[in-house]
Amino acid sequence: MNVKRLVPYLVTGFLLASSPQLYAPDGTYLGNLNANPYDPNSVSNPYGKYGSPFSPYSIHNPYGKYGSPYSPDSANNPYTTGGPRIVVPRGSGGTGFSSPVER
């Protein structure tokens with residue numbers, strides 16, 4: 001087995017596993033908070049389930065429950081009191097805390 005060929009996969013796996021995660025108030029997973037457009041679970045992947053402006057689970061869908069500026073569960077509603085929470089996984093340099101999204 002060639003270790004040099006494995007390194008990119010190991011590094012990518014580590015980076016994907018250590019990303020902060022976004023959860024809706026009802027507990028629905030809304031994706032990884034990172035800037036990797038190739039991460040299938042990233043909110044920055046415009047073709048992925050959590051980054052597409054057409055996906056019902058995306059914070060970038062202005063007509064969806066989690067992206068609408070009028071939904072109480074949305075990251076884009078400046079007046080909500082119950083928006084998504086950021087969760088930093090333990091062992092990723094964070095403390096495993098959960099915090100509300102800053103607006």
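Quick caveat: nothing in here was measured; it's all calculated off a predicted structure.
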Practice prompt. Locate the shortest heavy-atom distance separating V87 from Y23; write the atom from each residue and the value.
Written response: CG2-CD1, 3.6 Å

Worksheet entry | CG on N32 to CG on N41, rounded to 0.5 Å | 5.5 Å

Worksheet item: Nearest 0.5 Å, what's the CD1-CD distance between I86 and Q21?
Response: 11.5 Å

Response to the item:
For P62 and P53, the nearest pair of non-hydrogen atoms, with its separation, is CD-O, 4.1 Å

Item to complete: State whether the side chain of H60 and the backbone N or O of G67 hold a donor-acceptor pair below 3.5 Å, judged by distance alone.
Response: no

Practice prompt. Look at the side chain of N76 and the backbone N and O of I59, then say whether any donor-acceptor pair between them is shorter than 3.5 Å.
Written response: yes

Worksheet item: If you look at every heavy atom in P69 and N77, which pair is closest and at what distance?
Response: O-CG, 3.3 Å

Worksheet item: When you look at S19 and N34, which way does the side chain to side chain donor-acceptor pair (under 3.5 Å) test go after all the steps?
Response: CA-CA 6 Å; S19 295; N34 61 41; 2.9 Å; yes

Fill in: S52 (side chain) donor-acceptor with Y47 (main chain) under 3.5 angstrom
no

Discussion item. Is the shortest side-chain heavy-atom distance between L30 and V43 below 4.5 Å?
Written reply: no

Worksheet entry | Test side chain to side chain donor-acceptor pair (under 3.5 Å) applied to Y66 and D26, step by step | CA-CA 11 Å; Y66 306 113; D26 62 5; 3.3 Å; yes

Worksheet item: For the residue pair P84 and L22, what are the closest heavy atoms and their distance?
Response: CB-CD1, 3.6 Å

Item to complete: Taking all non-hydrogen atoms of both residues into account, name the closest pair between P89 and P20 and its distance.
Response: CD-CA, 4.0 Å

Item to complete: Could you tell me whether a side-chain N or O of S44 sits under 3.5 Å from a main-chain N or O of P37, the two making a donor and an acceptor?
Response: no

Worksheet item: Would you call S55 and N61 a side-chain contact if the rule is heavy atoms closer than 4.5 Å?
Response: no

Worksheet item: If you draw a 6.0 Å radius around OH in Y29, do more than 12 non-hydrogen atoms from other residues or ligands fall strictly inside?
Response: yes

Worksheet item: Closest heavy-atom contact between D73 and P25?
Response: OD1-CG, 3.5 Å

